[in-house]
Amino acid sequence: MKLVVVESPAKAKTIETYLGPGHKVLASYGHVRDLPAKDGSVSPDDGFAMEWETYADKASRLKAISDEAKGADTLILATDPDREGEAISWHVQEVLRKRKALPKDVQRVTFNAITKAAVLEAMAHPRELDEDLIDAYRARRALDYLVGFTLSPVLWRKLPGAKSAGRVQSVALRLIVDREREIEVFRAQEYWSVAATFEQDGVPFLARLVRWNDKKLDRLSIGNGGEAAAAKRDVENGRFTVASVETKPLTRNPPPPFTTSTLQQEAARKLGFSASHTMRVAQDLYEQGAITYMRTDGVQMDHSAISAARVAIVDRYDGGYIPEKPRLYTAKAKNAQEAHEAIRPTDFSKDKTGGGDHARLYELIWRRALASQMASARLERTTVELTEGTGRHALRATGQVVLFPGYLALYEEGRDDAEDEDSKRLPRIGEGDAPARQSVSAEQHFTQPPPRYSEASLVKKMEELGIGRPSTYASILQTLKDREYVVLEKNRFIAQETGRLLTAFLERFFERYVSYDFTAGLEDQLDDVSGGRADWQKVLEAFWKDFKPKTVEVAEQKPSEVTAALDLFLAPFLFPDKGDGTDPRACPACADGKLALRGGKFGAFVACSNYPDCKFTRRFGQGGQEGANDDTGPLVLGQDPATGEEVTKRSGRFGAYVQLGEGKDAKRSSIPKDAGELDLELALKLLSLPREIGSHPETGKPISASIGRYGPYLLHDGKYARLTSTADVFETGMNAAVVKLAEAAAGGGKGRGPAREPLAIFGDSPVTGKPVKLMEGRFGAYVTDGETNATLPKGTDPAALTAEVALVLLAERAAKAPVKKGRKTAAKKPAAKKTPAKKATKAK
């Protein structure tokens with residue numbers, strides 16, 4: 001019997017039907033081992049030896065594989081055809097070797113598509129495991145571990161609020177932060193455009209002013225409204241005729257089939273998919289046998305696939321839509337290895353498969369791959385110049401005519417920037433014609449800063465710079481979002497203050513390791529390891545030799561020294577020159593105070609040098625954004641009539657709040673966004689919460705209204721009902737409260753109202769694959785991954801819980817639960833005590 005091991009159950013099921021009797025196909029469900037998250041998992045002093053640990057949730061899976069392997073004649077490792085696939089096969093082999101379950105005959109096979117022909121062809125030509133790919137995997141894994149577990153503790157001690165740093169993740173974050181800085185220093189420049197709308201043979205077209213008073217104009221030539229008005233009058237008063245018509249033929253060649261990177265970019269542009277979602281859907285399509293392997297930087301298709309594509313083109317169109325010779329492509333991206341085919345359909349005769357997002361992504365892949373073998377599009381670009389009688393003023397119109405669509409009949413690549421006017425339609429027009437002028441306009445414009453990165457443009461930039469590998473882009477971007485270093489608004493990345501501060505810290509103290517050239521150079525070295533051109537341990541030694549002393553140097557600095565260095569490094573951002581001659585560091589709340597960056601328990605902030613006498617503070621915000629650097633020093637609203645203490649408005653880590661009194665005993669309340677204009681009366685109402693409405697007419701227990709982190713609510717006997725607005729907290733009466741509580745109980749079942757909705761979601765669990773949620777339970781807040789529940793430790797603020805802490809709590813709970821259950825069960829079973837011999841035999 002031959003045992004075949006693959007990664008996924010879907011892949012296993014499909015392949016087993018191809019191989020038939022005599023084969024058993026089992027899935028490892030991805031990686032089975034990893035470096036444990038503890039110090040010493042990689043030992044630089046011992047040749048970078050690694051201590052691997054089997055995933056707890058893979059124990060039953062590995063047992064099944066081991067049991068089958070003991071009775072197998074041959075082990076066939078058929079995981080994915082890339083570095084990670086090679087690593088999974090290696091891990092499975094090593095686990096079986098340790099368990100003395102490894103068959104004598106071990107084979108490695110790879111296939112680029114899960115079709116019967118591809119699988120059987122691979123089975124007929126097995127090979128051994130690729131040691132170079134395995135070394136490259138070990139080198140990358142060790143590097144990521146050493147950077148993370150050496151640098152992150154330094155961050156936690158020196159930079160409160162920072163969560164982690166990664167070898168490639170931090171460089172990707174720097175790209176986003178650098179773009180934010182470019183936007184902040186950008187100064188918009190006013191300019192005007194003058195254009196006239198003409199009509200010829202019933203077809204309107206637009207012509208822009210390109211020469212005025214014998215002066216050639218560029219985009220910024222007309223800089224104010226006065227000049228624009230004068231130019232507009234000259235165009236209105238002139239009689240324009242066609243001085244020249246220039247026609248140039250253009251040829252547009254089709255783009256190559258998708259690579260991992262270009263698929264992520266185009267799916268983001270055309271389908272609105274995130275990089276991680278694109279890869280999940282593509283993985284499913286691959287396992288279903290619909291497309292070839294989706295992790296690749298190759299742009300070439302197999303010769304048989306090219307032939308099939310050409311046949312499909314002729315069937316769909318005609319012979320004029322295929323070039324005389326098949327098209328061959330070469331990757332232009334830095335570090336492209338082209339070890340595998342481009343992403344393409346396995347059957348070009350199928351233009352649809354599945355439904356929903358799977359169907360949409362498949363169609364995109366099918367169109368791109370088929371178009372790559374189609375004929376070029378032939379176009380004609382026409383430029384028409386119109387001049388008035390004196391020749392001092394000229395207008396220009398441009399347009400494009402498609403003479404033969406070629407591949408454009410099927411597919412046109414998306415763009416990150418706006419379309420130009422070249423593709424607009426022009427009428428038939430000749431020299432000497434005098435088209436009818438319909439209108440003249442003068443429009444004001446302002447130069448725009450460079451756009452923030454979208455997922456598509458960031459992936460494109462990383463690929464251009466050679467940062468990371470295409471297969472890792474999706475996880476890198478997801479990590480930045482999960483760590484809350486960036487947010488995605490309107491499909492654009494915006495760097496958050498924690499991300500900006502982390503980048504500044506790394507640039508100031510670890511500049512080399514977040515430089516684009518160094519990171520790309522390290523990728524080159526790792527690729528050399530994959531190709532057998534470099535020794536993985538020597539690559540690690542060269543990195544560690546410089547990196548370790550640098551971390552020790554920074555770790556020995558006092559937090560105050562780190563903060564002072566960051567203060568100077570970030571001064572242009574924190575204290576920009578106002579342009580009025582005043583000191584940008586001058587404290588607005590006192591006469592002689594100076595503002596400076598300080599570190600606190602919850603991150604960095606700006607404070608006055610006269611603290612505690614002057615309590616002025618300001619958030620470490622994002623420069624150049626409205627409201628980001630608003631002053632947050634205490635604003636006195638008045639005095640509480642009952643106590644005589646001051647009521648102040650302040651701003652903290654979680655937003656604006658009101659405070660009564662000073663010190664540890666001061667009472668505080670957040671200010672909801674829908675609270676309206678804040679005054680002393682409203683502040684006192686907020687500080688008086690919770691508000692008791694009265695006793696429930698049926699239970700006699702109190703009903704109260706208040707505002708929590710997740711909005712306004714009613715509370716009665718441990719059961720909740722949501723309120724729609726802050727005003728409802730102060731206005732809801734007894735009758736309305738009873739009705740809302742009854743509706744909430746009926747809607748949730750067994751008294752469960754809307755409070756049973758997640759308080760927060762931290763992304764998918766790496767163990768269960770299900771969302772990790774923060775929930776409000778009967779005995780307090782807890783986190784769950786769909787299989788394990790972990791109560792928050794006493795004193796933990798649910799609002800401050802992070803994804804990392806949630807995963808640690810779940811892991812600790814999962815590790816404890818089976819042991820306790822097993823001990824109790826064993827202790828309660830008298831049979832286990834009566835038959836120790838049988839138990840021992842079974843264990844063997």
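If you read the sequence from its start, that first residue is 1, and numbering goes on from there. Computed from a prediction, not measured in an experiment: that's the story for all the values here.
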[atom2] on [Y] to [atom1] on [X], rounded to 0.5 Å:
| X | Y | atom1 | atom2 | value |
| --- | --- | --- | --- | --- |
| Leu3 | Asp73 | CG | CG | 11.0 Å |
| Met279 | Asp284 | CE | CG | 11.0 Å |
| Tyr473 | Thr278 | OH | OG1 | 14.5 Å |
| Ile88 | Thr79 | CD1 | OG1 | 6.0 Å |

For a quick check under 3.5 Å, do [X] and [Y] share a side-chain donor-acceptor pair by atom type?
| X | Y | value |
| --- | --- | --- |
| Glu84 | His31 | yes |
| Thr260 | Thr296 | no |
| Thr472 | Ser475 | no |
| Ser261 | Gln265 | yes |
| Ser8 | Glu287 | yes |
| Ser274 | Ser276 | yes |
| Thr262 | Thr259 | yes |

Mind checking whether [X] and [Y] have side chains closer than 4.5 Å, heavy atoms only?
| X | Y | value |
| --- | --- | --- |
| Glu68 | Leu26 | yes |
| Thr74 | Lys104 | no |
| Thr353 | Leu285 | yes |
| Arg33 | Tyr55 | no |
| Val401 | Leu379 | no |
| Met1 | Lys24 | yes |
| Gln525 | Phe543 | no |

Less than 4.0 Å between a side-chain N and a carboxylate O, is that true for [Y] and [X]?
| X | Y | result |
| --- | --- | --- |
| Arg316 | Asp351 | yes |
| Lys63 | Asp67 | yes |
| Asp785 | Lys773 | no |
| Glu341 | Arg344 | yes |
| Lys98 | Glu94 | no |
| Lys460 | Glu463 | no |
| Glu86 | Arg127 | yes |
| Lys538 | Glu541 | no |

Shortest non-hydrogen contact from [X] toward [Y]:
| X | Y | answer |
| --- | --- | --- |
| Leu465 | Ala520 | O-CB, 3.1 Å |
| Leu810 | Thr784 | CD2-CA, 4.0 Å |
| Gly166 | Val147 | C-CG1, 4.1 Å |
| Ile65 | Ala27 | CD1-O, 4.2 Å |
| Pro254 | Ser372 | CG-O, 3.9 Å |
| Gln537 | Phe48 | O-CE1, 3.9 Å |

Derivation and outcome, salt bridge (Lys or Arg N to Asp or Glu O under 4.0 Å), residues Arg141 and Asp34:
CA-CA 9 Å; Arg141 195 67 196 90; Asp34 197 7; 2.9 Å; yes
Under the salt bridge (Lys or Arg N to Asp or Glu O under 4.0 Å) rule, what do Arg469 and Asp297 come out as? Steps first, then yes or no, please.
CA-CA 9 Å; Arg469 303 298 297 138; Asp297 50 21; 2.8 Å; yes
Could you check whether any side-chain N or O of [X] sits under 3.5 Å from a backbone N or O of [Y], counting only pairs where one atom can act as donor and the other as acceptor?
| X | Y | value |
| --- | --- | --- |
| Thr292 | Ala113 | no |
| Arg327 | Met374 | yes |
| Ser170 | Arg167 | no |
| Ser66 | Ala101 | no |
| Glu16 | Val25 | yes |

Can you tell me which residue among Ile176, Val486, Asp482, Leu458 is in a side chain to side chain contact (heavy atoms under 4.5 Å, CB included) with Leu477?
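For Leu477, the side chain to side chain contact (heavy atoms under 4.5 Å, CB included) check succeeds only for Leu458.
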Matching residue for Ser89 among Leu75, Val106, Leu77 - test: side chain to side chain contact (heavy atoms under 4.5 Å, CB included):
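Between Ser89 and the candidates, side chain to side chain contact (heavy atoms under 4.5 Å, CB included) is satisfied uniquely by Leu77.
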With side-chain hydrogen bond (donor to acceptor under 3.5 Å, both in side chains) as the test, would you mind laying out the steps for Glu464 and Tyr516 before giving the verdict?
CA-CA 11 Å; Glu464 288 174 356; Tyr516 304 136; over 6 Å; no
With a sphere of 6.0 Å drawn around NZ of Lys461, does it hold more than 12 non-hydrogen atoms of other residues, nucleotides or ligands?
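Count not over threshold, so no.
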Verify the neighbour count for atom CG of Asn491: are there more than 12 heavy atoms of other residues, nucleotides or ligands below 6.0 Å?
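Counting neighbours around CG of Asn491, 12 or fewer heavy atoms of other residues, nucleotides or ligands fall under 6.0 Å, so no.
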Checking Arg108 against Trp90: charged group under 6.0 Å from the ring centre and within 45 degrees of the axis?
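Because its charged atom misses either the 6.0 Å distance or the 45° angle limit, Arg108 does not stack over Trp90.
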Derivation and outcome, salt bridge (Lys or Arg N to Asp or Glu O under 4.0 Å), residues Glu455 and Lys481
CA-CA 11 Å; Glu455 286 214 3; Lys481 290 184 279 189; 2.9 Å; yes
Residue from Arg83, Arg140, Arg533 passing salt bridge (charged side-chain N to carboxylate O under 4.0 Å, His left out) with Asp527:
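Going through Arg83, Arg140, Arg533 one by one, the salt bridge (charged side-chain N to carboxylate O under 4.0 Å, His left out) with Asp527 is satisfied by Arg140 alone.
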Donor-acceptor contacts under 3.5 Å from residues 131-139 side chains, at least two apart:
from   : atom 1 : to     : atom 2 : distance (Å)
Asp135 : OD1    : Arg138 : NH2    : 2.6
Tyr137 : OH     : His91  : NE2    : 3.1

Candidates Tyr362, Phe111, Tyr293 - the one meeting ring-ring contact (aromatic ring centres under 6.0 Å, His included) with Tyr286
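One option only clears the test, and that one is Tyr293.
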Criterion side-chain contact (heavy atoms from CB on, under 4.5 Å) on Phe258 and Glu266, from CA distance to verdict
CA-CA 9 Å; Phe258 283 130; Glu266 196 73 339; 3.6 Å; yes
Are the ring centres of Phe404 and Tyr321 closer than 6.0 Å?
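Judged by ring-centre distance (under 6.0 Å), Phe404 and Tyr321 do meet the cut-off.
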Assess whether salt bridge (Lys or Arg N to Asp or Glu O under 4.0 Å) is satisfied between Lys11 and Asp80, documenting all intermediate values.
CA-CA 10 Å; Lys11 189 175 176 181; Asp80 286 343; 2.8 Å; yes
Criterion side-chain contact (heavy atoms from CB on, under 4.5 Å) on Lys116 and Glu121, from CA distance to verdict
CA-CA 8 Å; Lys116 188 171 184 178; Glu121 174 69 15; over 6 Å; no
